[in-house]
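Only one structure is covered here, and it is reproduced in the block below.
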Amino acid sequence: MKYQKPKGTADILPAAAEQWDTVEAKSREVFRRYRYGEIRVPLFESYDLYARSSGDTSDIVTKEMYDFDDKGGRHMALRPEGTAGVVRAYVENKLYGPEYPKPYRVYYMGPMFRYERPQSGRQREFHQIGVEAFGSESPLLDAETIQLGVDLLHNVGVHGLRIAINTLGDPETRTAYHHALVDYFKPHLSELSADSQVRLEKNPLRILDSKDPQDKPLVADAPSILDYLTPAAAAHFQAVKDALDQLHIAYTVDHTMVRGLDYYNHTIFEIMTSSPAFGNKELTVLAGGRYDGLVEQFGGPAVPGVGFGLGVERLMLLVQENEPAPTPAPLNVYIAALSEKAGIQALVLAHAIREAGYTVDMDFLNRKAKGQFKTANRENAQLVITLGDDELANQQASIKQMATGKQIQVPFTTVTGDFQRLYADLVEEGNN
RNA sequence: GCGGUAUUGGUGAAGUGGUUAACACACCGGUUUGUGGUACCGGCAUGCGUGGGUUCGAUCCCCACAUACCGCCCCA
């Protein structure tokens, strides 16, 4: 084969695309109810935009960015996540202005790019559906955002969710906790796994969710961030939990949960589910949190924000499990043309029928009548119009109801003039 | 970035160091004139991911590369 798709990319063929379309349509409906509007931002931005917001030591920046220099010598990158671009647009378009509602809510859907080793549910070009809400630091908005995520997943037919939440606190909390962790692990440096020894330097929080059995006993006794929250941060987290309780959203607090992106603070959350599609392992399908301070970092005013991102490929694996066979759209009319001249007439009739709002297909391979009927049958056509020499001579179409096998003659002028009525009569009769 | 497994037609696949690469499904055609199913008959990979090498000869052995999947890292 001469060309192959780039590693970690996928062709989404019509049958699958239809399922994607359904999921996207259902998502938009949920967003509409929550008063989120769509925003479309560039697929690539300045490299610095992603590098600064994600954090210089994050894996996304250090090894996963698809970056390139354009012909003007600008260092650009394909977006690895959605929030940075949206925040940039929020600032650049001054959407924090007094004329805009607060919170200002937007959603996006589209491809993201990360240079990673592909696995199932994990690609180099993948898709996310995400939301961002700017301008309120209310914990109620955190809770609403989590509720939105749950509603979204339920709406597309995914259930059996587990919701984990945690708080990263405010900057003061983070500094204090960071010190506490380093103080705790430093004396045990040699007992840590090689990976975690590196993590202690780069990002001590990461040690907490290490899967290495060597780290587990140490992590079990590590200090919890929940003990280092400032009073304000603790109050915020408590308010989020209270709101979730009132919404009857079951959650677990996982104080070892961390984030791959540096800009998060206060509430973070993940919605997970286990499924045969993931080898019965629990996999995160939606994740997000609060990012107060990011807008300011991008040169805007001190506007808080909260949002989430949802992995569409992972979601589709779950959706396809529930409804594996999308029903093909039925064909209203198939036109069997038995000569070149009849083909031209078929084209004319097909157009008239399409204008009347019906689906039509016809033969383009000069096949014999039998072959054309076979195709019509396979496409589940309700009516077949046969055009041969006789029909052309009489200016009448032979119309067969496939369900009953009954065939009648109808003048071309009736087909082109009032197909809706003709169709209603024939198909209704066919059903009786 | 590291480790492992895999790669035969449109699909599922069998197969062997040696002249015609099973079988099934799908598809196409035929079984007398322009009609759907079934049945029967016929067609359908000059090729076994790509490029090298070993060999008298490789789809089968060796090497490299590519891609997919699994684990690690990390993540949606």
Side-chain angles (χ1 to χ4, degrees), chain A residues 1-10 54 57-64 79-83 109-130 149 153 193-196 198-199 202-203 206 209-213 257-261 269-273 278-279 281 283-289 307-318 334-339 342 363 365-392 398-407:
Chain A
M1 220 172 305
K2 183 122 193 210
Y3 293 109
Q4 291 177 284
K5 63 184 180 304
K7 188 190 185 97
T9 62
S54 300
T57 61
S58 70
D59 274 43
I60 283 185
V61 172
T62 56
K63 58 179 204 186
E64 294 175 2
R79 65 183 185 192
E81 56 98 25
T83 301
M109 32 185 76
M112 307 289 164
F113 305 85
R114 289 183 199 170
Y115 194 89
E116 290 189 282
R117 195 70 175 263
Q119 284 174 32
S120 121
R122 191 151 133 196
Q123 299 169 188
R124 288 185 172 184
E125 181 185 23
F126 63 105
H127 296 74
Q128 284 192 348
I129 297 174
L153 291 169
S193 65
D195 280 336
S196 286
V198 175
R199 287 192 271 241
K202 268 175 58 179
N203 190 349
R206 285 244 161 268
D209 69 346
S210 170
K211 289 178 200 112
D212 197 311
M257 188 165 81
V258 293
R259 273 286 89 111
L261 303 167
F269 56 90
E270 292 187 11
I271 302 182
M272 293 164 273
T273 184
F278 305 150
K281 283 175 307 185
L283 204 62
T284 300
V285 64
L286 182 153
F308 68 68
L310 156 71
V312 181
E313 278 79 3
R314 290 181 181 182
L315 179 63
M316 293 313 297
L317 288 174
L318 298 169
Y334 188 88
I335 306 181
L338 303 179
S339 69
D363 174 74
L365 301 173
N366 295 316
R367 301 210 297 152
K368 297 198 172 163
K370 183 177 177 132
Q372 296 194 43
F373 267 82
K374 261 180 149 169
T375 299
N377 197 47
R378 198 170 56 221
E379 296 298 316
N380 202 12
Q382 287 161 292
L383 299 177
V384 173
I385 297 178
T386 304
L387 299 178
D389 293 342
D390 295 348
E391 285 79 4
L392 291 184
S398 296
I399 304 182
K400 182 170 184 176
Q401 303 166 60
M402 294 300 274
T404 61
K406 212 169 128 190
Q407 183 160 296

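Order of the sequence lines sets the chain letters (A, B, ...), proteins ahead of strands, with each chain counted from 1.
- Picking from B/rG1, B/rC75, B/rC73 the nucleotide with the shortest atom distance to the side chain of A/Arg314 gives B/rC75.
- Rounded to an integer number of Å, the gap from CG of A/Asn377 to P of B/rU35 is 15 Å.
- Between the side chain of A/Arg122 and the base of B/rA76, no donor-acceptor pair of N or O atoms lies under 3.5 Å.
- Nearest to the side chain of A/Arg206, among B/rC74, B/rC73, B/rG29, sits B/rC74.
- On a pure distance criterion of 3.5 Å, a polar donor-acceptor pair joins the side chain of A/Glu116 and the base of B/rA76.
- Here, B/rC41 and B/rG51 have their C1' atoms 43 Å apart, quoted to the whole Å.
- Side-chain proximity of A/Arg367 to the nucleotides B/rC74, B/rG1, B/rC28 is greatest for B/rC28.
- Put simply, A/Lys368 has a side-chain N or O that comes within less than 4.0 Å of OP1 or OP2 on B/rG30.
- Residue contacts shown for A/Arg124 are absent, as no nucleic acid heavy atom lies under 4.0 Å away.
- Taking only distance into account, the side chain of A/Arg117 meets the base of B/rG3 through a donor-acceptor pair shorter than 3.5 Å.
- Taking only distance into account, the side chain of A/Lys7 never meets the base of B/rU67 through a donor-acceptor pair shorter than 3.5 Å.
- For A/Gln372, no side-chain nitrogen or oxygen approaches OP1 or OP2 of B/rG34 to under 4.0 Å.
- B/rG49 adopts an anti glycosidic conformation, its chi angle falling more than 90° from 0.
- On the P atoms, B/rC61 is 14 Å away from B/rU5, given to the nearest whole Å.
- For a distance-only test at 3.5 Å, the side chain of A/Lys400 qualifies as a donor-acceptor partner of the base of B/rG36.
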Worksheet item: When Watson-Crick pairs (N1 to N3 and N6-O4 or O6-N4) and G-U wobble pairs (N1-O2 and O6-N3) count only below 3.5 Å on both distances, what is the dot-bracket string of RNA chain B, with | for other-strand pairs?
Response: ((((((((.[[[..)..(....]]].(((((.......))))).....[[[[[..)....]]]]])))))))....
